[in-house]
Amino acid sequence: MGDKNDDTGGTNQPQKKEKKNKEEEELRNGKFVFPNGDTYDGQFKFNKCGAVVRQGEGKHTSLDGMTYSGEWCKDRMHGRGRLVFPSGDVYEGQFKKNEFMGKGRYKWTNGCVYTGDFHTNKLQGEGEFCDEKQQDWIGTFHDSSAPGLRFKLNM
């Protein structure tokens, strides 16, 4: 048995020193203009080479007008966010490694709206589609097809 006075709890095993993991480093806030003209305003870290890595909450605006506001992880859109395309189309929902993944809502400029499941940037799973005539359709979506789609009668 270990000595009652040692600080290892009597196990005679060396205690693990708490070491600050790179992922646990404190986030900073700032505004950046990237070499291509894109801007970023939000939380970030520096990687081991000294480059800015978007991490936490922030807003990125590309030179062509695309805007993402939301959560970042390891310099990728990851978590909850809103992406506005130059065309005016808008996606709001879950992102995973820069892709629409999980629950979300996509609104096209023509008035059509899809609310439901996404997988790798595609309509995939249960959802509801409202067309340009404001008619609602529900069912299971598989990218651009939806076999068995049902008209939702609003009375």
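Numbers here are sequence positions counted from 1.
- Side-chain atoms of D131 never come within 3.5 Å of backbone atoms of C112 as a donor-acceptor pair (strictly under, hydrogens ignored).
- Closest heavy-atom contact between G111 and Q134: O-NE2, 4.2 Å.
- Across every non-hydrogen atom of P86 and G65, the tightest pair is CG-C, 4.3 Å.
- Salt-bridge check for D117 with K103: passed, with a basic side-chain N closer than 4.0 Å to an acidic carboxylate O.
- Between M101 atom CE and M77 atom CE the span is 12.0 Å, to the nearest 0.5 Å.
- Residues T109 and F85 are not in side-chain contact: their nearest non-hydrogen atoms beyond the backbone lie 4.5 Å or more apart.
- Side-chain atoms of V84 and M66, non-hydrogen and from C-beta on, never get closer than 4.5 Å to each other.
- No donor-acceptor pair under 3.5 Å is formed between the side chain of D38 and the backbone N or O of Y40.
- Nearest heavy-atom pair, K97 versus H78, reported as atom, atom and distance to 0.1 Å: N-ND1, 3.0 Å.
- H60 is listed as a side-chain neighbour of F34, based on a closest heavy-atom distance under 4.5 Å.
- Every residue was checked against the salt bridge (charged side-chain N to carboxylate O under 4.0 Å, His left out) condition with E71, not counting sequence neighbours, and none meets it.
- Here the closest non-hydrogen pair linking V90 and E92 is CG1-CG, 4.0 Å.
- In summary, the aromatic rings of Y106 and F118 are positioned with their centroids too far apart to meet the 6.0 Å limit.
- For the pair Q55 and K74, the minimum side-chain heavy-atom distance is below 4.5 Å.
- No continuous path of ILVMFWY side-chain contacts below 4.5 Å connects V33 to F46, so the two sit in separate hydrophobic clusters.
- One hydrophobic cluster, built from ILVMFWY side chains closer than 4.5 Å, holds both F44 and Y68.
- With values rounded to the nearest 0.5 angstrom, L123 atom CG is found 10.0 Å from T115 atom OG1.
- The nearest pair of heavy atoms linking T120 to E99 is CG2-OE1, 3.4 Å.
- When each of F141, F129, W108 is checked for a ring-ring contact (aromatic ring centres under 6.0 Å, His included) with Y114, only F141 meets the rule.
- Remark: D41 CG to K59 NZ distance equals 8.0 Å, nearest 0.5 Å.
- Distance CD/E57 to CG/N29: 10.5 Å, rounded to 0.5 Å.
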*Would Q43 and W72 satisfy side chain to side chain contact (heavy atoms under 4.5 Å, CB included), going step by step from the backbone distance to the final call?*
CA-CA 9 Å; Q43 296 176 309; W72 294 87; over 6 Å; no
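- Using a 4.5 Å heavy-atom threshold, the side chains of T39 and K31 count as separate.
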